[in-house]
Peer 1: 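Once you've had a glance at the structure underneath, I'll fire off some questions.
In what follows, every chain begins at residue 1, and chains take the letters A, B, ... in the order their sequences are listed.
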Amino acid sequence: MSVVLTICYLGLFLAAVLSLTRLIIGPTVLDRILAFDAVSLCAAGIVILFSVQTSSVYFIEVLIIFSLLGFTTVLGYLDYLSRLKNKNDPEQKKDYDLE
Amino acid sequence: MTWNELISAIFLLFGVLFILIANLGILILPDVICRAHALSKAVTLGILLMLIGLWIYLGSEDVGLKILLTILFQFITIPLSSHLFIFYISHQLKKRKIEGTPPVNELDFK
């Protein structure tokens, strides 16, 4: 079982590294949001593997919280982007300026 | 290695394989819509397989319905976030088509 767990950990870390590459080189903002969602799902998979390794029940709540964090992050970014109608227009930039 | 561990190991390996393929798709697919498509379906299936493997490994006495609740939660949230993503992109594309600016292939959302 420990060999299988090692293979699974390596696969998930490789998957997270692939998504982090997209998060760094991603040409648009939407690519980066998507890549961050993928990285948070890889973290949820790592929590599942950790729960198998320690054969403990209590990590399932951690799993729910991790996936909820990724979901609300995507939701918040998309809400912000859809409020931001046209960045180059100074009239609208004034309304949504964060500073 | 007992039968439970064997079946659980098979489920875990297939789940990790699906998640790995999804993340590879995020890296190498050409377009943001294709990347969202790769993420939503394959990762949902991979997380489902990994959770079933965890359920088989732990046995149903300790866990109960908690993992079923988690599976339901993942089935709601992952496709919902991907659907909102694609909804935003299609809304932007429709707006650009009305305004008569760039072709569909150049998705430069900044």
Peer 1: So which part of L75(A) gets closer than 4.5 Å to some heavy atom of chain B, the side chain, the backbone, both or neither?
Peer 2: side chain
Peer 1: Below 4.5 Å from any heavy atom of chain A, which atoms of L58(B) appear? Answer side chain, backbone, both or neither.
Peer 2: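 Contact with chain A: side chain only.
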Peer 1: Let me know if L17(B) has heavy atoms under 4.5 Å from chain A in its side chain, its backbone, both or neither.
Peer 2: neither
Peer 1: For A35(A), does its backbone N or O pair with a side-chain atom of R22(A) as donor and acceptor, under 3.5 Å?
Peer 2: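 Judged by distance alone, no pair lies under 3.5 Å.
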Peer 1: Angle class for the F87(B)/H91(B) ring planes (parallel below 30°, perpendicular above 60°, tilted otherwise)?
Peer 2: parallel
Peer 1: If I measure from the heavy atoms of chain B, does V74(A) come under 4.5 Å with its side chain, its backbone, both, or neither?
Peer 2: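 Just its side chain gets close to chain B.
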Peer 1: Would you indicate whether the side-chain heavy atoms of I89(B) and I33(B) approach each other to under 4.5 Å?
Peer 2: yes
Peer 1: Counting heavy-atom pairs under 4.5 Å to chain B, which of V52(A), V4(A), I7(A) comes out on top?
Peer 2: V52(A)
Peer 1: Against chain A, label F85(B) side chain, backbone, both or neither, depending on which of its atoms sit under 4.5 Å from a heavy atom there.
Peer 2: both
Peer 1: With chain A, which of L80(B), T77(B), T70(B) has the greatest number of heavy-atom pairs at distances under 4.5 Å?
Peer 2: T77(B)
Peer 1: Mind ranking S51(A), G70(A), S56(A), A44(A) by heavy-atom pairs under 4.5 Å with chain B and telling me who comes out on top?
Peer 2: S51(A)
Peer 1: Are any non-hydrogen side-chain atoms of L51(B) and F11(B) less than 4.5 angstrom apart?
Peer 2: no
Peer 1: Where on L23(A) is there a heavy atom nearer than 4.5 Å to chain B: the side chain, the backbone, both, or neither?
Peer 2: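 Contact with chain B: none, neither part.
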Peer 1: Taking the side chain as everything from C-beta on, heavy atoms only, tell me whether M50(B) gets closer than 4.5 Å to I19(B).
Peer 2: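 A side-chain contact under 4.5 Å exists here.
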Peer 1: Chain B: which of T21(A), V57(A), L41(A) shares the most heavy-atom pairs with it under 4.5 Å?
Peer 2: L41(A)
Peer 1: If I measure from the heavy atoms of chain A, does L39(B) come under 4.5 Å with its side chain, its backbone, both, or neither?
Peer 2: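 Looking at L39(B), just its side chain touches chain A.
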Peer 1: Determine the option with the most heavy-atom pairs under 4.5 angstrom with chain A, choosing from I21(B), L12(B), L6(B).
Peer 2: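 The candidate making the most pairs under 4.5 Å is L12(B).
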Peer 1: Hey, are the side chains of D37(A) and S40(A) touching, using non-hydrogen atoms and a 4.5 Å cut-off?
Peer 2: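 Yes, close enough: below the 4.5 Å cut-off.
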Peer 1: Check each atom of L29(B) against the heavy atoms of chain A and say whether the ones under 4.5 Å are side chain, backbone, both or neither.
Peer 2: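 For L29(B), the contact with chain A is made by the backbone alone.
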Peer 1: List in chain and number order the residues that pass salt bridge (Lys or Arg N to Asp or Glu O under 4.0 Å) with E5(B), two or more places apart in sequence or in another chain; answer none if no residue qualifies.
Peer 2: none
Peer 1: What I want to find out is whether R35(B) reaches D31(A) closely enough, with some N-O distance under 4.0 Å, to be called a salt bridge.
Peer 2: yes
Peer 1: Apply ring pair (Phe, Tyr, Trp, His ring centres under 6.0 Å) to F59(A) and list each qualifying residue two or more places apart in sequence or on a separate chain.
Peer 2: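 Here the qualifying residues are F50(A).
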